[in-house]
Peer 1: 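Take this structure, written in structure tokens, and hold onto it; I'll ask about it next.
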Amino acid sequence: MASPNRNARTAVVLGRLLGVAFLVCFATGVYSYFLQQPLPWMRFPTRPAQLYQFTQGVHITAGIAIIPLLLAKLNTVMPALVQTPPVRGPLHLLERLSIAVFVASALVQVTTGLLNTYQWYPWPFPFKQVHNALAYVLIGSLVLHIGVKLRLITRYWRKRDSYDEHGRFVVDPDAGSELLSPVQEALVASAAPDAASQSVASYPRGITGRVLRWVDGVPPEPAAPESAAETRLGGQDSASETRAASEEPSIGEPQAGAAEASRASRATPDATRGRRERIARRGFFAGVTAATVGVVALTAGQSSTLAEPVNVFGARQRHRGPNDLPVNRTARAAGVLATATAADWSLTVVGHDVSRTFSRAELIALGTAEAELPIACVEGWSQMATWKGVRMSDLLGAVQAPPGSHVRVTSLERHGGYRVMDMGPEYAEDPTTLVALELNGATLDLDHGFPARIIAPGRPGVLQTKWIEKIEVIA
């Protein structure tokens, strides 16, 4: 388990990156949740119209970046996770339990979040509620973990305080790190420079042992004579060297001072070990960086125009689907194939005192407006589109709804958590909130909500209700 990468400094660096990513995901995730489940007093901005497109794109991208960072962090702290004995007292037990909660919640959160982007739910619990609750557990355990490890984090926060002039990790037993290898513990316990080589009882033979010794910075074992003949030959060579040493050096031969100078110019064992550790650390962080940048670059294209050409793993490809727009939930999946295409379809708008019913032709006759708005789904994909339809404010005016009205929209769907959607006055009165009838210059496709759907600025796609049949003023 000994490795130059498994030390407190590496754990602190990866922990900082993970901490930022978790906080970004938490903030954007809470914003998304309250957009879908607002408290009565909450009001949300409608400008910029791409606000939710940005926040949810950042949420999914940061969540994906967490995966390689979390695996790297677990690899770094693996010796502490599997230490023996696993518990050394009541306080240590509480610390271990907090770490277990943090690691378990982090793994569950990123795994379920990733599968949600592909709309695959191989578990018996509701994703949205559990994902939201687990976010608070994760952040709480993260804060507790930081509090427990604060002394260690402070000690190794800066690089210059973590490595010596040769690039070797500085072991500080007073900091409370659980990542000290037997080699490092021996170096701390004994001031002898070769304590590292004496502390390791044995290494495997052959190339495996050589690689492990190289990683740990342990000098190779001295080679033993292979046979008696070799021993005798070695003895003869020693006698010859003794005689040669007693003779006067001939002209042109190197003097003893030159040999000493040559040996002095070689790198010291400490410098050699430091260089090896530095190379190993740089290789490790280069691999983590490449993995993180790779997964982000190959998925961010589902919400970013810049990365769209390299969207290899994204759940949706932009500009692919009816009306040049991807589809999350089809009319067949929603069970509205018959009702949405019925000739007698109409939209009912209910006010406090006045109610009206509009056919699709009557909606068009009211006058239409056009808006450039994104469709931005909680799964992370988004795309700008051109919508055309009747302003929500005009429909509410037709039933004499008072200013500041809350609105409830009902879909033709008979099942599903989003068949009924509530809309605050900030959206209902916005001039770009439409009952959309056209999309990207063509009649709204059935899978995109024909005969009519809602589109509003800065809202999740699940709240842009499709196949609507009723709009009612509720407050």
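Excluded from the calculations below are hydrogen atoms, water molecules and symmetry mates; all remaining heavy atoms, backbone and side chain alike, are included.
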Peer 1: Taking 4.0 angstrom as the limit, do R332 and D447 come out as a salt bridge?
Peer 2: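 D447 and R332: not salt-bridged.
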Peer 1: Please check if the distance between the ring centroids of F26 and Y136 is under 6.0 Å.
Peer 2: yes
Peer 1: Kindly state whether the ring of Y156 and the ring of F169 have centres lying under 6.0 angstrom apart.
Peer 2: yes
Peer 1: Between Y163 and R9, is there a cation-pi geometry (under 6.0 Å to ring centre, at most 45° from the normal)?
Peer 2: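 That pair does not qualify as a cation-pi contact.
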Peer 1: Would you mind checking if R318 and E308 are paired as a salt bridge, meaning a charged N to carboxylate O distance below 4.0 Å?
Peer 2: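 A salt bridge links E308 with R318.
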Peer 1: Looking only at heavy atoms, which two atoms of R360 and L444 are closest? And how far apart?
Peer 2: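 Closest heavy-atom pair between R360 and L444: NH2-N, 4.3 Å.
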Peer 1: Do you know the tightest heavy-atom contact between L74 and V103?
Peer 2: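 Residues L74 and V103, closest heavy atoms: CD2-CG1, 4.0 Å.
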Peer 1: Give, for atom CZ of F54 and atom OG of S382, the distance between the pair rounded to the nearest 0.5 Å.
Peer 2: 11.5 Å
Peer 1: Would you compute the distance between atom CD1 of I468 and atom CG of L347 and round it to the nearest 0.5 angstrom?
Peer 2: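 The CG atom of L347 is 5.0 Å from CD1 of I468, to the nearest 0.5 Å.
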Peer 1: Would you call the rings of W123 and F125 parallel, tilted or perpendicular, where under 30° means parallel and over 60° means perpendicular?
Peer 2: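 Because their plane-to-plane angle is under 30°, the rings of W123 and F125 count as parallel.
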Peer 1: Are any of the side-chain nitrogens in E469 or R414 under 4.0 Å away from the carboxylate oxygens of its partner?
Peer 2: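 Judged by the 4.0 Å cut-off on N to carboxylate O distance, E469 and R414 do form a salt bridge.
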Peer 1: For L437 versus A452, what's the shortest heavy-atom pair and its separation?
Peer 2: CD2-CB, 3.8 Å
